[in-house]
Amino acid sequence: MKSVLALVMTGWMAVSGLGCASLLGYKEEPKVQLHEVYAKDADLVGTTLVFVIDVENPNERDIKVDEITYKVFLSGKELTEAKTEKPVTVPAKQSAKVEVPLPVKYTALLGNIGSILMAREVSYRIEGDAKLSFFRIPFSKEGKVELR
């Protein structure tokens, strides 16, 4: 769970930083903190973990993201692919709660669990794009999460 949380937080920070934020009129990156995690739509095949993240916008302009599509890879294997369910607006100088769904199929998780449990660290990669009005901003973030 620790590694999944790190992935989600890293993904939102990659998107909210917007790569070329200064070109879009943003001076500072938003502050991001996990509020809660809950499961929904659980069945025999999988579930969706929903990460509710508090996003604080320190800028003079609203942050508006129509849609975020992303893929999550663990140890080089695709874990899941998803997109946000509704547009997100974080008003200028305010905070908002953002829900980031992470659908997980049990077979994908079980396929990685052996190597994850034996490893001291797990490599991850998050890639996708954020749709803002008439254009998309691609993002990619990779790294390692220490498990012990």
Side-chain angles (χ1 to χ4, degrees), residues 1-21 23-24 26 28-59 61-91 94-119 121-147:
M1 186 61 147
K2 181 179 173 183
S3 60
V4 172
L5 170 61
L7 289 173
V8 169
M9 296 296 282
T10 300
W12 176 255
M13 290 176 76
V15 170
S16 63
L18 300 177
C20 53
L23 294 175
L24 299 171
Y26 300 106
E28 296 180 56
E29 285 189 17
K31 294 173 181 69
V32 178
Q33 184 174 3
L34 180 68
H35 178 72
E36 70 175 317
V37 179
Y38 67 90
K40 72 174 194 175
D41 302 330
D43 58 21
L44 295 174
V45 178
T47 189
T48 299
L49 297 175
V50 180
F51 291 79
V52 181
I53 300 171
D54 288 320
V55 180
E56 181 183 333
N57 180 4
N59 295 290
R61 298 181 56 187
D62 292 353
I63 296 174
K64 297 178 184 177
V65 180
D66 295 327
E67 179 183 82
I68 303 168
T69 58
Y70 50 93
K71 290 182 181 181
V72 178
F73 299 84
L74 286 180
S75 300
K77 297 178 185 173
E78 185 174 326
L79 176 65
T80 191
E81 178 177 355
K83 67 179 182 174
T84 53
E85 296 173 353
K86 56 187 173 186
V88 173
T89 298
V90 183
Q94 294 184 37
S95 296
K97 290 190 179 7
V98 177
E99 292 194 353
V100 180
L102 188 70
V104 179
K105 293 196 185 297
Y106 300 135
T107 55
L109 202 52
L110 290 173
N112 287 318
I113 198 78
S115 60
I116 290 172
L117 290 175
M118 299 301 289
E121 62 184 22
V122 174
S123 63
Y124 67 85
R125 186 173 83 244
I126 301 170
E127 60 185 41
D129 58 52
K131 181 181 180 214
L132 291 86
S133 299
F134 300 108
F135 59 96
R136 292 187 173 272
I137 298 175
F139 62 88
S140 182
K141 178 73 175 174
E142 58 185 87
K144 296 181 186 278
V145 176
E146 287 189 37
L147 301 177

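Heads up: numbering here begins at 1 and tracks the sequence.
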Quick one: pull up [atom1] in [X] and [atom2] in [Y] and give me the separation to the nearest 0.5 Å.
{"X": "Ser95", "Y": "His35", "atom1": "OG", "atom2": "NE2", "answer": "12.0 Å"}
{"X": "Glu29", "Y": "Ile63", "atom1": "CD", "atom2": "CD1", "answer": "9.5 Å"}
{"X": "Glu56", "Y": "Asn59", "atom1": "CD", "atom2": "CG", "answer": "10.5 Å"}
{"X": "Lys105", "Y": "Thr48", "atom1": "NZ", "atom2": "OG1", "answer": "9.0 Å"}

Less than 4.5 Å apart, any side-chain heavy atom of [X] and any of [Y]?
{"X": "Ser140", "Y": "Ile126", "result": "no"}
{"X": "Val37", "Y": "Val52", "result": "no"}
{"X": "Pro58", "Y": "Lys31", "result": "yes"}

Is [X] reaching over with its side chain to a backbone N or O of [Y], donor-acceptor style, under 3.5 angstrom?
{"X": "Asn57", "Y": "Arg61", "value": "yes"}
{"X": "Asp66", "Y": "Pro87", "value": "no"}
{"X": "Thr80", "Y": "Pro103", "value": "yes"}
{"X": "Asp43", "Y": "Val45", "value": "yes"}

Give me the atom names and distance for the closest heavy-atom approach of [X] to [Y].
{"X": "Tyr106", "Y": "Ala42", "result": "OH-CB, 4.4 Å"}
{"X": "Ala39", "Y": "Leu49", "result": "CB-CD2, 4.3 Å"}
{"X": "Val98", "Y": "Val88", "result": "CG2-CG1, 3.6 Å"}

#### Entry: Sequence-distant partners of Glu99, side chain to side chain donor-acceptor pair (under 3.5 Å), two or more places apart
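Applying side chain to side chain donor-acceptor pair (under 3.5 Å) to Glu99 gives Tyr38.
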
### Message
Applying side chain to side chain donor-acceptor pair (under 3.5 Å), can you list everything that pairs with Glu85, at least two apart in sequence or on another chain?
### Response
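Expected list: Lys40.
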
### Candidate pair Glu127 and Arg125, rule salt bridge (charged side-chain N to carboxylate O under 4.0 Å, His left out), full reasoning
CA-CA 6 Å; Glu127 60 185 41; Arg125 186 173 83 244; 3.0 Å; yes

Side chains of residues 67-74: which donor-acceptor partners sit under 3.5 Å, not counting sequence neighbours?
unit_1: Glu67; atom_1: OE1; unit_2: Arg136; atom_2: NH2; d: 3.3
unit_1: Thr69; atom_1: OG1; unit_2: Asp129; atom_2: OD1; d: 3.1
unit_1: Tyr70; atom_1: OH; unit_2: Pro101; atom_2: O; d: 2.1

### Message
Could you go through Ile137 and Leu132, starting from their C-alpha distance and side-chain angles, then the distance that decides it, and tell me whether this counts as side chain to side chain contact (heavy atoms under 4.5 Å, CB included)?
### Response
CA-CA 8 Å; Ile137 298 175; Leu132 291 86; 3.9 Å; yes

